[in-house]
Amino acid sequence: MAAWGLLAAWTLHDAEELATMASWAREHRTELAERLPWIPERVWELDQRHVTVAIGLMGALVASAAASGPKSGLYRAAVASFGVHGVIHLAQAAAMRGYTPGAVTAPLVVIPYSVWAWRRLEDRRLPAWSWLLLPLALGGVHAAAHVLTKPRDRHF
């Protein structure tokens, strides 16, 4: 039950991101580029197709973690990463002094689920690689979405 709750909580959270991320990034692109000048501006060019593909790919990863069950290191690392992800959303909203995609479901779904699921675990040890899961998963799905959704030259 708790393991598949990860996929359910993630689905609720990412439905919010799916509905808001592309338009929010488009509306705040200039502000993001000014606040974070070390990040290439093209990073903020998220169209709906890219967001949809990235969320779908992340869904496959989350489903894999849920399927692995609460005794697996992958599941424990995913629960911990999901909770950290929720806290990051709150920090982003505070830094932007307003709404950011995911900020509504982070405190209502992500963080409560993560705390509840973590407390239910018999083994709370995290694998040594677990601190890499969140950045690699987020970076990987966005990189893959970029490759899969970039316009292709059509030479016949």
Less than 4.5 Å apart, any side-chain heavy atom of Q48 and any of L18?
->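 Side chain of Q48 against side chain of L18, heavy atoms only: contact under 4.5 Å found.
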pair L57-L148: side-chain heavy atoms closer than 4.5 Å | yes
Treating Ile, Leu, Val, Met, Phe, Trp and Tyr as nodes and any side-chain heavy-atom pair under 4.5 angstrom as an edge, say whether [X] and [Y] lie in one connected cluster.
{"X": "L32", "Y": "Y99", "answer": "yes"}
{"X": "W24", "Y": "I39", "answer": "yes"}
{"X": "L36", "Y": "M96", "answer": "yes"}
{"X": "L132", "Y": "L138", "answer": "no"}
{"X": "I88", "Y": "M58", "answer": "yes"}

Which residues pass the side-chain hydrogen bond (donor to acceptor under 3.5 Å, both in side chains) test with [X], not counting sequence neighbours?
{"X": "R29", "value": "E45"}
{"X": "R26", "value": "none"}
{"X": "S114", "value": "none"}

The complete set of salt bridge (charged side-chain N to carboxylate O under 4.0 Å, His left out) pairs with one or both residues in residues 12-21, sequence neighbours excluded, reads none
Residue pairs, two or more places apart or on separate chains, that pass salt bridge (charged side-chain N to carboxylate O under 4.0 Å, His left out) and touch residues 54-69 | none
Heavy-atom closest pair, residues [X] and [Y]:
{"X": "P70", "Y": "L121", "result": "O-CD2, 3.5 Å"}
{"X": "W10", "Y": "G59", "result": "CH2-CA, 3.2 Å"}
{"X": "L6", "Y": "A66", "result": "CD2-N, 4.3 Å"}
{"X": "A106", "Y": "H89", "result": "CB-CB, 3.7 Å"}
{"X": "A3", "Y": "Y75", "result": "CA-CE1, 3.4 Å"}
{"X": "A117", "Y": "V79", "result": "CB-CG1, 4.0 Å"}

Set of residues satisfying side chain to side chain contact (heavy atoms under 4.5 Å, CB included) with respect to P135, sequence neighbours excluded =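 Testing P135 for side chain to side chain contact (heavy atoms under 4.5 Å, CB included), a comparison that skips the adjacent residues, returns none.
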Hits for side chain to side chain contact (heavy atoms under 4.5 Å, CB included) against S81, two or more places apart or cross-chain, chain-then-number order -> L133, L134
Could you measure the distance from the [atom1] atom of [X] to the [atom2] atom of [Y]? Nearest 0.5 Å is fine.
{"X": "H85", "Y": "F82", "atom1": "NE2", "atom2": "CZ", "result": "6.5 Å"}
{"X": "M21", "Y": "T100", "atom1": "CE", "atom2": "OG1", "result": "9.5 Å"}
{"X": "R119", "Y": "R124", "atom1": "CZ", "atom2": "CZ", "result": "8.5 Å"}

Please identify each residue that fulfils ring pair (Phe, Tyr, Trp, His ring centres under 6.0 Å) with H142, with sequence neighbours left out.
->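 Here the qualifying residues are H50.
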Would you call the rings of W116 and Y113 parallel, tilted or perpendicular, where under 30° means parallel and over 60° means perpendicular?
->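 Tilted, since the angle between the ring planes falls between 30° and 60°.
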Could you tell me whether the side chain of H13 and the main chain of A9 form a donor-acceptor pair under 3.5 Å?
-> no
Hydrophobic cluster of V87, others only, ordered by chain and residue number, side-chain cut-off 4.5 Å =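 So far as hydrophobic clustering goes, V87 is joined with L90, I111, V115.
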Any pair with a residue in residues 127-140 that passes side-chain hydrogen bond (donor to acceptor under 3.5 Å, both in side chains), sequence neighbours left out, goes on the list, sorted by first then second residue, please.
->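 Sorted pair list comes back empty.
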All salt bridge (Lys or Arg N to Asp or Glu O under 4.0 Å) counterparts of R125, not counting sequence neighbours =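 By the salt bridge (Lys or Arg N to Asp or Glu O under 4.0 Å) rule, R125 matches D123.
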Sequence-distant partners of R49, salt bridge (Lys or Arg N to Asp or Glu O under 4.0 Å), two or more places apart =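 By the salt bridge (Lys or Arg N to Asp or Glu O under 4.0 Å) rule, R49 matches no residue at all.
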